[in-house]
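Just below is one structure, and these are the notes that go with it.
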Amino acid sequence: MQNSTFNLILRRLIGAIPSLFAVIVVTFMVMRLLPGDPAAFFAGAAASAEAVEQVRHQLGLNESLLTQFWIYLKDLAQGDMGKSFTTGQPVTHDLMERLPASLELTLLGLLIAIVIGLPLGMLAATRPNSWIDHLCRLLTTSGVCLPTFFTGLVLIYIFYYLLGWAPAPMGRLDLFSSPPQDVTGFYLIDSAITGEWAIFRSALAQLILPAITLALFALAPLARMTRAGMLGVLNSDFIRSAKAAGLPRRVILVRYALRNTLLPVINTMGMVLSYLLGINVLVEKVFAWPGIGSYALEALIASDYAPVQGFVLSIAVLYVLLNLVVDLVCSLIDPRVERAA
Amino acid sequence: MKQFEEWRYLLLQNPLTLIALIVFIGVVICALFAPWLVPYDPFASDTVNALQPPSANNWFGTDQLGRDIFSRVIMGARMDLGIAVGAVALAAAIGTFLGACAGFYGGHFDQAVGRGVDIIMAFPLFVLAMAIVAGLGNNVINVVYASAIINMPFYVRVVRSEILILKNAGFVEAARLCGNSNKRILWFQLLPNVSAPLVVQMSLNMGWSMLNAASLSFVGLGIRPPTPEWGIMVAEGAHYIISGQWWVALFPGLALTLVVLCFNLLGDGLRDIIDPRRRT
Amino acid sequence: MNTNLLLGVQNLSVAFDTRHGRVAVLDNVNLHLHKGETLAIVGESGSGKSVTAYAALGVLDPAGKITSGKVEFDGRNLLELSPQEMRKLRGRDLAMIFQSPRTALNPIRKVGQQIEDVLQAHNPGMSGKERKEAAIEQLASVKITDPARRYNAYPYELSGGMCQRVMIAIALACKPRLLIADEPTTGLDVTTQVVIMDLVHELAQAHGMATILITHDLRLAANYCSRVAVMHAGQVLEDAPIANLFKGARHPYTKRLIAATPKPGITLEKLASIPGQLPDLRQPQPPCRFSARCDRCVPECAAPGLTLVPYSDNASHLIACRNPL
């Protein structure tokens with residue numbers, strides 16, 4: 001059992017390698033093959049002709065494409081994604097510094113969406129045409145229509161400007177707090193570990209609005225899938241036989257219906273993650289969140305392309321890895337997935 | 001005529017779809033005839049009257065340059081709608097062609113198309129669109145291409161799976177026995193049968209494409225100021241939200257939400273009418 | 001009152017609310033079953049056999065409403081019990097097995113645990129260890145080889161026949177007094193059908209358990225049951241001991257049903273079919289829902305108040321027909 005689970009994880013990891021490679025190839029191609037002079041891109045907008053030549057040489061852009069790709073791969077293997085001209089730092093360094101901010105926000109948003117979306121979908125399915133079913137339908141219909149950047153602004157206006165409950169949308173901490181000791185890079189976790197509760201509260205206060213903005217968007221597909229899945233499961237034969245066997249309602253709902261509903265929901269989680277990681281860029285811009293999304297946007301507007309490339313690659317890798325986790329959770333829940341090597 | 005009667009009946013059965021259809025027609029009219037509909041020149045700035053709240057003169061108020069927001073919202077319909085229509089049409093055309101050939105001929109071509117779709121789907125789609133616009137160059141036509149590329153996988157998948165089911169159907173065999181070539185069977189027998197799910201997919205995709213277009217211009221890609229476009233207008237209004245001038249961002253944001261909602265309702269309604277089984 | 005009576009269904013009517021309006025699926029169904037007796041409910045698909053069982057057990061789809069009638073079990077009207085009391089009765093006193101056993105089991109839970117779930121629901125005092133032992137014992141009692149290993153199997157790892165054995169093990173886990181078998185052999189291959197039916201029969205005999213077999217197969221009913229109730233379009237048309245029925249069916253529908261049952265030596269061409277289809281229950285129905293398909297239909301058939309009455313003097317042979325054979 002233990003061994004077969006390990007085997008499964010190993011096989012899934014190996015299975016993810018082709019998609020990772022494809023992601024690297026595409027990122028390379030998008031940035032190098034498209035019209036325009038990559039040397040000028042990477043040198044930055046204000047570079048002199050000499051500097052451009054130097055960059056061209058440095059990047060091996062006078063070599064054949066395959067050689068260029070090889071150099072690119074080698075650099076990547078060493079964790080070298082080039083230098084940012086706006087910050088003057090290696091891109092890898094910049095990204096690593098900002099990644100925890102993005103991850104903390106995205107994961108919290110996802111968590112809120114799951115905590116609200118799953119029970120909502122389930123309740124809606126068990127009580128068709130009740131007020132909770134209508135609420136669920138309203139949220140799922142409107143949730144996918146709301147432009148995330150707009151939702152964020154509306155929340156800021158209501159909770160910051162009108163009610164004054166939320167702090168100013170200016171990054172991860174208020175002006176009077178300093179970041180907690182760096183352990184995981186997640187402020188909530190770090191401040192909790194070190195017991196700095198004032199910082200924890202400040203970080204949470206800053207996080208809550210952007211996380212809700214993300215959650216509002218991710219909620220819709222989750223609740224919709226849960227409701228549809230649960231409706232399907234509740235109509236299935238095995239629920240009827242469980243009822244006929246006199247199992248208590250709670251056991252039927254949790255042990256029989258919920259786990260079977262979760263499978264299709266987890267299977268669509270990949271799509272939700274795709275949306276979330278994309279939407280994350282918008283939310284970071286709205287809330288001046290110092291994550292990799294806003295970093296890439298700043299670089300994009302300054303025509304500083306190395307950070308953009310690094311950002312696209314790291315988001316894509318992150319997406320592949322998160323999908324891998326989803327896949328693993330799914331196969332651990334579902335015994336029908338073959339475990340043997 | 002009978003067809004018309006049936007549609008009328010179905011629309012009256014789904015009042016929400018009917019409302020969505022009416023709003024949609026209104027938006028299309030706005031997009032087509034915007035220059036003749038607006039009360040003010042959407043580009044004319046009037047710094048004396050900058051950032052005025054909504055009033056009888058300026059229904060939606062004025063922005064930081066004193067431009068009439070109502071006029072700009074009306075004009076904005078054409079940009080996002082145009083991009084979405086272009087992207088969806090392009091994606092549907094290419095995606096249908098690839099999906100149909102992949103499903104019908106199978107083999108290496110099918111595998112290659114499948115691999116291509118997988119690669120596109122290996123990215124978070126909005127980020128891929130950002131990367132494509134960044135790589136191709138920051139202008140409107142590239143936003144259309146980028147949106148088309150991230151929309152395409154859905155069409156390839158829908159058409160391919162439909163063709164796979166249909167190509168074993170009896171009428172295909174009958175057509176072949178009548179001496180039709182493979183090409184004729186694919187384009188004249190199979191594709192017409194795919195049109196229903198295709199139309200549903202397109203209308204569901206329209207809203208999403210508009211959101212993508214507006215999101216890209218919100219982050220500064222594609223359309224540039226001072227063009228009246230909803231994403232840019234919200235981005236401009238974002239600066240004034242924290243000082244309480246809500247109307248600058250609210251009206252373009254609402255307009256975008258309304259149009260996307262209307263597309264989604266239309267898509268759901270169409271799906272219920274065309275294919276009631278897929279209702280969720 | 002007959003103290004030997006275990007289950008008495010009286011004038012049970014069920015309607016389903018659909019988008020086409022209200023459909024009267026059951027019309028004044030009357031059935032009775034004595035302790036330890038085996039009854040077959042026979043009829044075409046859609047005749048209301050399963051709905052009768054679901055209604056009696058309280059597991060009707062939410063769209064189905066019981067519009068009138070009584071279901072007495074051991075002197076108690078089940079329809080008046082609270083959902084909680086009814087739940088406790090299900091699985092403990094009344095149990096049911098279903099057709100297509102594969103889908104009737106939870107696909108992602110070990111079969112042993114599914115037996116334990118029933119034991120836990122009805123014997124809260126049992127320890128986990130006792131439950132597990134009882135579940136394995138239960139698997140052994142339905143003649144599953146190597147029960148301790150099969151305890152850990154998931155339904156997809158078992159054959160259809162095996163799954164049905166597991167269903168039987170779940171149904172009989174609490175030694176119920178009544179077992180309803182709803183087409184238990186549908187979807188199994190022929191040799192397995194016999195094995196499963198023999199197993200049900202044997203276990204029922206051993207526990208002195210009353211059984212209702214729901215089937216469309218008269219021969220199956222004849223082999224395993226002592227009495228048959230024939231249903232058509234939500235009505236019980238004839239109810240008689242099996243020997244009486246085959247020797248002297250009194251209802252025209254039963255006679256045709258017998259003629260339509262394949263027998264050795266009769267080719268498919270010679271096999272009689274019953275003309276027409278089950279009536280469309282969305283439309284208002286005449287008192288006898290078979291009258292439109294019946295060649296013995298007389299004007300009296302249109303008179304209201306059709307009831308199940310003894311045929312001539314035989315109290316055990318009931319019939320609902322104005323013009324019996």
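We name chains A, B, ... by the order of the sequence lines, and we start the count at 1 in each one. What you see below is based on every heavy atom in this structure, not just the backbone, and it leaves out hydrogens, waters and symmetry mates.
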*With only heavy atoms counted, which part of A:Ile239 is less than 4.5 Å from chain C, the side chain, the backbone, both or neither?*
neither
_At a heavy-atom distance under 4.5 Å, which candidate from C:Leu94, C:Leu57, C:Leu105 has the highest pair count against chain A?_
C:Leu105
*Starting at CZ of C:Arg109, measure out to CZ of A:Phe238 and round the result to the nearest 0.5 Å.*
11.5 Å
*Heavy-atom distance under 4.5 Å to chain A: side chain of C:Met167, backbone, both or neither?*
side chain
_Using every non-hydrogen atom in the two residues, find where C:Ala121 and A:Gly246 come nearest and quote the distance to one decimal._
CB-O, 3.8 Å
*Under 3.5 Å, side chain of C:Arg90 to main-chain N/O of A:Ala245, donor-acceptor pair present?*
no
*Nearest 0.5 Å, what's the CD1-CG distance between C:Ile108 and A:Asn260?*
4.0 Å
*Does NZ in C:Lys65 sit with more than 12 non-hydrogen atoms of other residues, nucleotides or ligands closer than 6.0 Å?*
yes
*Quick one: of C:Gly91, C:Ala95, C:Pro155, who has the most non-hydrogen atom pairs under 4.5 Å with chain A?*
C:Gly91
*Check each atom of C:Ala171 against the heavy atoms of chain A and say whether the ones under 4.5 Å are side chain, backbone, both or neither.*
neither
*Region of C:Pro107 that comes under 4.5 Å of a non-hydrogen atom in chain A*: both
*asked:* Once rounded to the nearest 0.5 Å, what's the spacing between atom OH of C:Tyr154 and atom CG of A:Asp334?
replied: 9.0 Å
*asked:* Rounded to the nearest 0.5 Å, what separates atom CG in C:Asn106 from atom CG in A:Asp237?
replied: 12.0 Å
*Please look at C:Gln120 and chain A and tell me whether the side chain, the backbone, both or neither of the residue comes under 4.5 angstrom of a heavy atom of that chain.*
side chain
*Which atom of C:Asp117 lies closest to which atom of A:Leu247, heavy atoms considered*: O-CD2, 3.5 Å
*What's the spacing between C:Asp182 CG and A:Arg240 CZ if we round to 0.5 Å?*
8.0 Å
*Nearest 0.5 Å, what's the CZ-CZ distance between A:Arg249 and C:Arg87?*
12.0 Å
*Heavy atoms from other residues, nucleotides or ligands near CD of C:Glu137 exceed 12 (cutoff 6.0 Å)*: no
